[in-house]
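Numbering of ligands and ligand atoms starts at 1, following listing order. Heavy atoms only: backbone and side chains are in, while hydrogens, waters and symmetry mates are out. Values in this document were obtained by computation on a predicted structure and should not be read as measured data.
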Amino acid sequence: MRKIIFESLLHGPLTEPSPGADSAALAEVGAALARVARKRFGRSLAIREVDAGSCNGCELEIHALNNAFYDIERFGLRFVASPRHADVLLVTGPITKNMRQALERTWLATPDPKWVVAVGDCAFDGGMFAGSYACVGGVSSVVAVDLHIRGCPPKPIDLIRGLLALVEHGGVTRGTN
Ligand code: SF4
């Protein structure tokens, strides 16, 4: 124990310095998103995340939206536990055959009007899992998609920019494919 204390005094903390360069961009994009969401909905935007076969890389970036740095609740976005309370379905993964029905049922349980956002290259067209016997393909092969956010995985700031584009210009999902 004494050795650990001594070494930590000598070498200082091993944590990474907090990000600073794009914090201004984050604040700007987040504030714009909060403004548009309040104007269009009169309340915060409710998001239900659906992992439909992802490797969980996209989930790590989505989870980061709730950490102390991104903290998207301050911009009027919140994740909800049930699709019945959601405005937006954030779907990841190449849609495995096992998850196809779950995605369809989640889509049906989400009240209209609703938006579907496909997150990551796998959700776009199957990505590196395209052609696998276990996968159906991109999200659009199961439900109508309003927005694709590409990347493997996309960064949290890209997710926020995508959601801003969605609430500013997005349409309303009308039916399953
Ligand atoms: S897009 Fe990349 S990070 Fe996201 S689920 Fe596919 S392989 Fe994983």
Side-chain angles (χ1 to χ4, degrees), residues 15-19 21-23 25-26 29-30 33 37 45-73 75 77-110 114-171 173 175-177:
T15 50
E16 291 178 15
S18 60
D22 65 349
S23 56
L26 170 64
V29 176
L33 182 52
L45 192 72
I47 302 167
R48 168 68 182 163
E49 205 271 336
V50 184
D51 175 351
S54 152
C55 75
N56 282 149
C58 285
E59 272 63 37
L60 288 174
E61 302 304 314
I62 291 170
H63 290 173
L65 294 173
N66 276 327
N67 71 18
F69 178 67
Y70 290 100
D71 186 21
I72 58 159
E73 287 213 11
F75 302 133
L77 283 89
R78 66 197 166 89
F79 284 89
V80 292
S82 166
R84 298 187 195 286
H85 304 153
D87 304 301
V88 177
L89 294 180
L90 213 56
V91 188
T92 63
I95 318 300
T96 59
K97 287 184 179 164
N98 284 347
M99 284 300 294
R100 178 183 188 137
Q101 190 184 33
L103 176 59
E104 287 170 344
R105 290 176 69 174
T106 302
W107 189 92
L108 287 170
T110 309
K114 56 194 164 196
W115 285 310
V116 176
V117 179
V119 173
D121 288 348
C122 291
F124 176 66
D125 61 1
M128 66 173 69
F129 303 105
S132 163
Y133 70 92
C135 299
V136 178
V139 178
S140 60
S141 57
V142 180
V143 294
V145 172
D146 298 284
L147 178 73
H148 288 103
I149 304 177
R150 300 290 303 269
C152 182
K155 295 178 189 164
I157 188 73
D158 294 333
L159 296 172
I160 296 174
R161 285 197 179 108
L163 289 168
L164 173 60
L166 180 77
V167 294
E168 265 186 330
H169 311 292
T173 305
T176 52
N177 287 339

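- Residue Gly151 has at least one heavy-atom neighbour below 4.0 Å for each of these atoms of ligand 1: 1 (S).
- For the atom pair SG of Cys135 and CG of Asp125, the computed distance is 11.5 Å after rounding to the nearest 0.5 Å.
- Leu159 contributes atom CG, which lies 12.0 Å from atom CG of Leu166 (distance to the nearest 0.5 angstrom).
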Report task. List the steps and the verdict of side chain to side chain contact (heavy atoms under 4.5 Å, CB included) for Phe79 and Ile62. Result -> CA-CA 10 Å; Phe79 284 89; Ile62 291 170; 3.6 Å; yes
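- The CG atom of Leu90 sits 6.0 Å away from the CD1 atom of Ile47 when rounded to the nearest 0.5 Å.
- To the nearest 0.5 Å, atom CD1 of residue Ile157 and atom CG of residue Leu26 are 4.5 Å apart.
- Annotation: ring pair (Phe, Tyr, Trp, His ring centres under 6.0 Å) contacts involving residues 119-142, sequence neighbours excluded, comprise Phe124-His148.
- Ordered by chain and number, Cys122 SG make up the set of protein N, O or S atoms under 2.8 Å of atom 6 (Fe) of ligand 1.
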